[in-house]
There are 2 protein chains.
Amino acid sequence: MNAAPLLAYINKYISLTEDETELLLSKIVYRKYLKNQYIVQQGDVCRHEGFITSGCTKMFYIDANGQEHIVMFSIEDWWVSDMGSFITQTPADYHIQCIENTELIQFSYETIEGLYLEIPKLERFFRKIVERSIVAFQKRIVRNFSLSAKERYLVFKKNYPNIEQRIPQYMIASYLGITKEFLSKIKSQLILEQ
Amino acid sequence: MNAAPLLAYINKYISLTEDETELLLSKIVYRKYLKNQYIVQQGDVCRHEGFITSGCTKMFYIDANGQEHIVMFSIEDWWVSDMGSFITQTPADYHIQCIENTELIQFSYETIEGLYLEIPKLERFFRKIVERSIVAFQKRIVRNFSLSAKERYLVFKKNYPNIEQRIPQYMIASYLGITKEFLSKIKSQLILEQ
DNA sequence: AATAGATGTTAAACTAGGTTAACATCATTT
DNA sequence: AAATGATGTTAACCTAGTTTAACATCTATT
């Protein structure tokens with residue numbers, strides 16, 4: 001495993017000196033998970049923030065009726081954590097489970113807090129990526145209100161063309177907020193429309 | 001107008017020295033808007049981040065059918081900006097309009113960027129508040145999927161008890177993602193259930 | 001090759017929430 | 001006091017999406 005993708009990603013937002021890069025690399029912990037393993041479980045405290053170098057995960061929530069609702073998928077170059085749990089170090093609301101065998105770089109809460117003190121620039125880096133992420137969530141809220149299920153599916157396909165083939169359809173349905181049966185109906189409608 | 005609420009708010013996350021506080025105060029611009037005035041308009045670049053000291057605003061989006069969808073309300077001690085527009089300095093997707101006469105403390109893009117350099121601790125402050133904000137948005141997405149309209153209304157009432165009286169119901173309906181007629185129906189059902 | 005488990009499809013009956021339209025109430029302006 | 005505009009309610013009818021259930025397909029394991 002190697003840290004190049006993480007360094008490249010960080011360098012899109014800030015520039016680290018050689019010393020800072022070395023310090024960061026010295027803190028890196030690699031971790032491998034198999035398909036179906038849990039990175040975080042609802043109720044546990046999320047102790048790490050992870051940067052995916054390969055694989056794919058889903059973050060989801062089980063509602064009062066036992067139904068699964070997928071909040072987000074993460075693939076290479078994305079971060080995984082239950083942020084609410086991580087920042088407050090209290091029990092997680094969500095599960096994060098691997099959809100494929102997944103390799104990631106993990107930073108524990110203590111490591112990240114230490115790095116913020118040693119490399120203050122990292123505060124800027126994380127501020128920026130979280131800001132971007134907020135914008136994406138806001139857009140998703142708007143889409144969920146103003147678009148029909150079919151339109152949301154088309155937006156999903158356009159925004160995540162490479163993710164669709166890697167994920168079973170019933171999970172995509174859950175992400176879109178519809179049943180797998182209805183997604184199936186939408187897909188057959190789209191085929192007829194061509 | 002005074003900056004005490006902002007300083008108190010910032011001090012919940014970081015502690016500023018006297019010099020830093022003074023520097024921050026020297027950059028402060030107060031701004032008053034009347035009810036119905038726009039702070040940001042869809043299509044304009046959002047040039048400021050504002051901290052509300054009094055009043056109430058809505059951030060909304062007009063969809064392809066001309067329908068208004070409210071993304072969030074903001075009141076005292078909350079921030080207002082179209083974050084997507086602000087961080088990239090490109091045209092805004094949303095309108096932000098005052099529901100009441102509103103007073104706020106404004107920071108221009110240039111001022112904030114300057115302050116980040118002069119008071120690096122502010123990066124930490126904003127990192128922390130955006131992290132909190134993301135958690136709230138995630139929860140909202142989950143609620144929108146897993147709760148019925150009636151349940152969402154009850155959660156809204158519980159989470160924002162003091163906001164409800166200040167805002168017309170048709171706006172609350174828009175925030176909840178339902179029509180005003182259906183909210184009206186929900187309310188009469190709730191009265192009958194008592 | 002057979003079985004089991006996971007995934008995907010189809011269709012009929014149902015329901016949460018939308019649409020339309022008419023009316024009620026309240027506040028503001030003249 | 002009347003008129004206007006903004007807000008809220010009610011009810012009949014409609015539709016997007018759900019539920020249930022049966023079946024189809026694919027993959028992995030024995």
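These figures come from a predicted structure and were not determined experimentally. Just so we're on the same page: letters track the sequence lines, and every chain starts at 1. The figures that follow rest on heavy atoms only: side chains count, while hydrogens, waters and symmetry mates do not.
Counted by atom type alone, A/Glu68 and A/Tyr170 present zero donor-acceptor pairs between their side chains at under 3.5 Å. Residues B/Tyr116 and A/Glu123 bring no donor and acceptor atom of their side chains to less than 3.5 Å of each other.
The salt bridge (Lys or Arg N to Asp or Glu O under 4.0 Å) search around B/Glu181 returns none, not counting sequence neighbours. Applying the salt bridge (Lys or Arg N to Asp or Glu O under 4.0 Å) test to A/Arg132 and every residue at least two apart in sequence or in another chain returns nothing.
Rounded to whole Å, atom P of C/dG17 lies 9 Å from atom CD of B/Glu151. Taking atom CZ on A/Phe182 and atom P on D/dT19, their separation rounds to 12 Å, with Å as the unit. The separation between B/Phe145 atom CZ and C/dA16 atom C1' is 16 Å, rounded to whole Å. In this entry the distance linking CD1 of B/Ile99 with P of D/dT7 reads 10 Å, nearest Å. Distance B/Lys187 NZ to D/dT7 P: 14 Å, rounded to the nearest Å. In this structure, NZ of A/Lys35 is placed 11 Å from C1' of C/dT7, rounded to the nearest angstrom. Between B/Tyr153 atom OH and C/dG17 atom C1' the separation is 17 Å, expressed in whole Å. Atom CG of A/Leu183 and atom C1' of C/dG8 are 10 Å apart (whole Å).
A pairwise comparison of heavy atoms in B/Asp93 and B/Asp82 identifies N-OD2, 3.1 Å as the closest pair. When every heavy atom of A/Arg140 is checked against every heavy atom of A/Val71, the shortest pair comes out as NH1-O, 2.5 Å.
For B/Arg152, no side-chain nitrogen or oxygen approaches OP1 or OP2 of C/dA16 to under 4.0 Å.
The stretch residues 58-70 of chain A has no heavy atom under 4.0 Å from DNA chain C, so no residue of it qualifies as close. For the contact set between residues 161-179 of chain A and DNA chain C, defined by any heavy atom under 4.0 Å, the members are A/Pro168, A/Gln169, A/Tyr170.
Between A/Tyr109 and A/Phe86, the angle of the ring planes goes over 60°, which puts this pair in the perpendicular group of the 30/60° scheme. Taking the six-membered ring for Trp and thresholds of 30 and 60 degrees, A/Phe51 and A/Tyr9 have ring planes inclined between 30 and 60 degrees apart. In this pair, A/Phe60 and A/Tyr38 present their aromatic rings tilted. The plane angle is within the 30 to 60° band.
Within 6.0 Å of CD on B/Glu22 lie no more than 12 heavy atoms contributed by other residues, nucleotides or ligands.
Between the CD1 atom in B/Ile186 and the CD1 atom in B/Ile178 there is a gap of 4.0 Å [rounded to 0.5 Å].
A/Tyr175 and A/Phe73 have their aromatic ring centers within a separation under 6.0 angstrom.
Each end of the helix from C/dA1-D/dT30 to C/dT30-D/dA1 yields a helix axis from five base pairs, and these two axes differ in direction by 30° (to the nearest 10 degrees).
Between B/Glu100 and B/Lys35, no side-chain nitrogen of the basic residue sits less than 4.0 Å from a carboxylate oxygen of the acidic one, so the salt-bridge criterion is not met.
Residue A/Leu104 forms a side chain to side chain contact (heavy atoms under 4.5 Å, CB included) with just one option from A/Arg31, A/Glu76, A/His48, and that option is A/Arg31.
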Within the sub-3.5 Å range, which N or O atoms of nucleotides 21-30 of chain D have a protein N or O partner, and how far apart are they?
none

